[in-house]
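Quick note: numbers below take in every heavy atom, side chains included, and nothing from hydrogens, waters or symmetry partners. Order of the sequence lines sets the chain letters (A, B, ...), proteins ahead of strands, with each chain counted from 1.
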Amino acid sequence: MPYLAKIVHGSQLIVHRLSMQNHSSKNKIRLSDNFDPKAIESKWPFGKAQGKQDYDPGVIEPKWQKVWEEERLYQPDIKRSKNPFYNLMMFPYPSALGLHVGNIYAFVGSDIHGRFKRMQGFEVFEPIGLDGFGIHSENFALKVGEHPMDLSKKTESAIYAQLRAIGNGFAWFHKLETYISDYYKWTQWIFIQLFKRGLAYRAEADVNWCPSCKTVLADEQVVRKSEARNQISEKSEIRNPKSEIWVCERCGTEVQKRKLEQWFFKITNYTDRLLLGLEKIDWSEKVKVAQRNWLGKSEGLLLKFESDIESYSQVEVFTTRPDTLFGVTFMALAPEHPQVIKILDKSKGLLRLQIQKYVTDSIRKPESERIGLAEAENQKAREVVKTGIKTSFHCTNPVTGKRVPIFIADYVLMSYGTGAVMGVPAHDQRDYLFARKYQIDIVEVVKPAGPVGSFPPDTRTAHQISQQTFTDYGVLVNSGEFNGLNSQEAIKAISDFAVKKGFGVKKVMWHLRDWIISRQRYWGAPIPMIFCQSCEKAGKSWFTTVEAKKQKKLPISSHEMAGWPASNTSRSDAGWYPVPESGLPVELPYIKNFKPTGTGVSPLATDPNFVKVKCPDCGSEARRETDVSDTFLDSAWYFLRYPSVSLPENSANQQVSRSVNQSISKSADRKVSKSEIPAYRNAEKQIHRHSEFSENLPWDRQITKRWLPVDMYIGGAEHSVLHILYSRFLWKVFYDFGYFDFSAKNPNGQLGGPAKMPASGWEEPFSKFRAHGLLISEGAKMSKSKGNVVLPDPYIEKFGADTLRTYLMFCGRFSEGGDFRDTGIEGMHRFLKRVWRLVMSAGPVTTFPPASAQSSQPSKPSQSSEPFDLRAVGGPSSRATRISSGALHLMHKTIKKVSEDIENLRYNTAIAAIMEWVGTLEKRAVGSSELIDQRQGRKELRTMNYELITQEEVRTLLLLLAPFAPYMTEELWSRLAGNQVTGASGKNKSGKPSSIHNTPWPKYDPKVSESEKIELVVQVNGKVRDRIIVDRGIEKEDTQRLVLDLKNTQKYVSGKKPKKVIFVKDRLINIVI
RNA sequence: GCCGAAGUGGCGGAACUGGCAGACGCGUAGCUCUCAAAAAGCUAUGGACCUUGCGUCCAUGUGGGUUCGACUCCCACCUUCGGCACCA
């Protein structure tokens, strides 16, 4: 028996029984605020069969979670996928017991894109894992007073439970945690491969040292004092952000530098390729810029200045401004400069003592003091004071032949360039300040360009003028034969001259330094190296072994000057051996007192069982390296591992994996018990067997070829330099080592099926990267100290994950972030409830022509605007299946908008478009319903006239909404389909159950998505005076004729002849008088 | 200091390649339903003005400019947020 169930707004609900028999008042629900779904259920034709009618995320979300996991809905066929799409989101690092909404925001944004791609027919691989090793997690453990190994189990289950609840389409079988030895075994393996090829080396370097905590700090643990200061005092008279003092994140003590032996990765061998690669990839522009800056390529000239320190000795300097060479009036050496020792040797008496004192003092000084911020002469012009000491030696300016004094000055950094600077006080701010202090000559050699007298339009800022330095390019003066050239020409000419005369070489300098890999901490992957003292004495190392001699030599590009002068890092390989690969993993021992030792040595050194080992070469007593590797190494290759984490082949009689077990027990609250997730059994055991690939690699070549490079990588902009740069570096290393099978020759990958051919080529791991914005809370960045960290759990509890997801995406443009507010999320919940009601009412009924609808009297015009008049839409019989052209247009327009917006990660406007469309659908559903007065002023709603929502519209609506609200749309979809999605029957082409989430994304017809009629703007002299509705595509002449008749337009034109008429097709006409 | 992004109602934010500023949502006000409240719905909502209209004027950080027309492009400045920084 056909029923018409019709929802009007909110709880004002009417059920019509379409059959004329039994048409009694019983079947009408009186319009009442006391809407009780239970009371209505008996009258609801679908209610009994399919459960409760109102939207209850607390029930449907756990239900679908379970179904999706059982059905492996989000598990692509990793080995045979024909149309792979690798949708990657940066995995989280646990630094709290759970994730906050800011993290959730990022994951949801990535998931929506993945779901969209899946519906577009791609087999989407969306893996998840935990970056659980490292400083953040260790600090969290220190803070809560638990051992990181124990704590990691808790955070793991908590985070996985959250990530499950949020409704993302993760391929859970591929999850990985960096602190599980099955993973870090390979992290160690990677270290060894780099060592064997000379890309990992040991050298002395400066590290951050906190004298209060007595520990070495990683760079990330060192923060600017200004950050700490904000909390101390709100008085912001200290407005100069330049007064940067670096302090310990935890105790606020100023950090010092200490020299310690460290392990390095020779990333500087790859500077050129890292820079060039940026050209090809589709990344957020700001991330590319950040990487370029970090690489910091600068081209210049390496110059030799003759010096009288010793006979025939020279001082090398690097400059990007050879055009200022004639203005050199002094030479400044860093206190650590190798020649300083000779200067000391040759100096005498008091001067010698003074130099010695200066050098030792400045080397010992903490960074900030060395940078030396002085009190301002006036409040605004604070400046850095330069200190230095004059020596008795001189250099000769190679072009002027003048002798200039050599200074030792600590504003010169040993870590950049050659550790020596040619002083050009007239054209360098620092040199100027130094020269002024030590009464050094200032010789101007560059003048601002432009005709004399036509100034001020020179490019100097007021500040520069007041400091009497001109640092921009200009025209040369006082420069001999080069006078009159502009700076660009002079740079070239003087460089050529220097090269020709033999005192200069063109050089490229980089900002990028080698990557310090070692950390003197506990919670990380032990560096798999062994040191043997007797081998060291014998001058032996792995490089003297037979194995080493067989090692293929890598074509290593030479970057001798790559920002890393050898003088600062003397490599010391002697005595070092990698742990034999059969000995991997080097398990991280459980050390009770894992706190940083304060001696600059990792806590691992306190475990003799760990340290003591036999030398793999000579067999004598040796010791293990006790440093652990930087977390960035763990995360630099995880995306390569994901696809190759194997699937369990069968799920029977195995133990449930530890971590899955935990997350399930956590999620038991949400009505999913572990017995209900057979698919998760055995995950860990299988992972353990994982990739004993025929060849000893952390990944399967064929799988890797199929899935990589990553198609879409989404993550925070804060990782846009280090993490992504390191990943790119390692990728290139693996590529060079021959660990991939990508090949231009064999793009179709006969061995492993279709390899993807990314536009960016094979040498980049992430074809596309987009940085998401920052979600703030109540107008401020979420931080524990501000106490405005928002957790997702209460919101999921209250409104469901769908509401939270959709709301988060509605907060603002995904790339820009947004502001999370409580009141906003309620609005989104309202919206989803409206959709629910609309679909529940409109959906099932549309297959039945509403026989009674036409029998109602024609309506009076309703007070609400009615966009589509029923009378214009053909006969009643056509209503159920046919859609009016206006409605069709709106649908296609919405599909177009939503499709384009999701593609471009503009989720906020996609949601807005859906909302708009839902609004019009609702109005149509209401039609000209009106309230009819009955006795005693009681009112009853009777539906008089309306246009039904077609099945196609309902389908489309659900499909468009599916990426945002996956649970709700799945539930409604299954109800509409009248079958359980999980039914064995319903499998789609890819063999997945016919869930809404692998139903094809709706298509739009570009013609239909444009309306036939458009509103054209009528302007007179550029001001809007009228609007007119015309046919799309109307021509200028016709428009003009129409427009001149308009009343308001006439008022302004008033018969005058237009000077000019501007016509923009389908947009506006502008009459200029 | 350098690099990057941004500045729009009471609030979050829309606005394509220069073409209707304020979509969508929140909030607020009035109304409907109710004994009442909640929920839900309807209407209005940048400011000013009057002659209340298919009305006019002013409005997108500030000041200029280009243009028939500027949130959008150009110049200068102010502010905020990210990143880098004695990088020679």
Side-chain angles (χ1 to χ4, degrees), chain A residues 8-12 31-35 241-242 244 285-287 289-290 292-294 296 298 300 317-321 324 332 370-372 384 386 409-413 415-418 420-424 428-431 433-434 461 463 509-511 563 717-718 720-721 773-774 776 779 781 807 810-813 815-816 818-828 830-831 833-834 837 863-864 900 906 908-909 911-916 919 926 931 938-939 1015-1027 1046-1049 1051 1059-1062 1064 1067-1068 1070-1073:
Chain A
V8 186
H9 286 99
S11 55
Q12 297 166 341
L31 196 67
S32 159
D33 283 348
N34 290 322
F35 168 58
K242 275 166 277 186
E244 299 304 352
E285 196 51 37
K286 62 177 171 183
V287 174
V289 169
R292 266 186 215 115
N293 289 345
W294 190 261
S298 61
V317 295
F318 176 78
T319 181
T320 54
R321 294 294 301 273
T324 63
R370 181 152 169 190
I371 288 169
V384 174
K386 313 290 173 202
D410 64 5
Y411 81 90
V412 181
L413 303 178
S415 52
Y416 187 78
T418 61
V421 164
M422 61 179 213
V424 188
D428 183 280
Q429 183 66 16
R430 296 152 301 179
D431 295 347
L433 292 171
F434 190 79
T461 64
H463 180 70
M509 196 69 71
W510 299 83
H511 169 244
E718 70 272 21
S720 56
V721 176
L774 194 70
I776 59 174
K781 190 174 172 176
Y807 174 62
F810 188 63
C811 278
R813 196 177 292 185
S815 58
E816 303 296 320
D819 195 354
F820 186 94
R821 281 166 203 249
D822 273 12
T823 52
I825 194 166
E826 282 170 29
M828 187 54 75
R830 274 203 286 274
F831 169 69
K833 283 195 286 189
R834 275 164 55 206
R837 280 183 222 120
Q863 69 273 53
S864 64
E900 289 170 356
R906 293 156 70 128
N908 55 336
T909 48
I911 294 166
I914 297 173
M915 284 175 161
E916 244 180 308
V926 175
L931 293 167
R938 292 201 157 179
K939 290 174 182 176
E1015 197 180 51
L1016 196 88
V1017 171
V1018 183
Q1019 294 184 339
V1020 181
N1021 286 337
K1023 296 213 175 206
V1024 181
R1025 296 303 178 188
D1026 261 312
R1027 294 180 181 92
L1046 295 169
K1047 195 171 134 197
N1048 205 42
T1049 308
K1051 201 162 97 189
K1059 273 188 209 153
K1060 197 164 157 189
V1061 175
I1062 284 124
V1064 183
R1067 264 187 210 282
L1068 66 75
N1070 185 10
I1071 298 160
V1072 187
I1073 343 176

Given atom CE of A:M509 and atom P of B:C87, what is their separation to the nearest angstrom?
13 Å
For a quick check of understanding: with a heavy-atom distance under 4.0 Å over all strands, which category does A:Q1019 fall into, base, sugar-phosphate or nothing?
base
Please tell me which of A:M828 and A:V421 maps to the more 5' nucleotide of RNA chain B, matching each residue to the nucleotide holding its nearest heavy atom.
A:M828
Write down the distance between NZ (A:K1060) and C1' (B:G69), rounded to a whole number of angstrom.
10 Å
P gap between B:G65 and B:C71, integer Å:
15 Å
Could you state the CG-C1' distance from A:D819 to B:C81, rounded to the nearest angstrom?
14 Å
Rounded C1' spacing from B:U72 to B:C49 in Å
30 Å
If you assign each of A:M915 and A:S298 to its closest nucleotide in RNA chain B, which residue comes earlier from the 5' end?
A:M915
Could you check how far CG of A:L774 sits from C1' of B:C81, rounded to whole Å?
10 Å
What nucleic acid atoms does A:D428 come within less than 4.0 Å of, heavy atoms only: base, sugar-phosphate, or nothing?
nothing
Measure from CZ on A:R1025 to C1' on B:U56 and round the result to the nearest Å.
8 Å
Find the distance A:E718:CD to B:G83:C1' and express it as a whole number of Å.
11 Å
Nearest whole Å is fine: how far is B:G12 P from A:F820 CZ?
16 Å
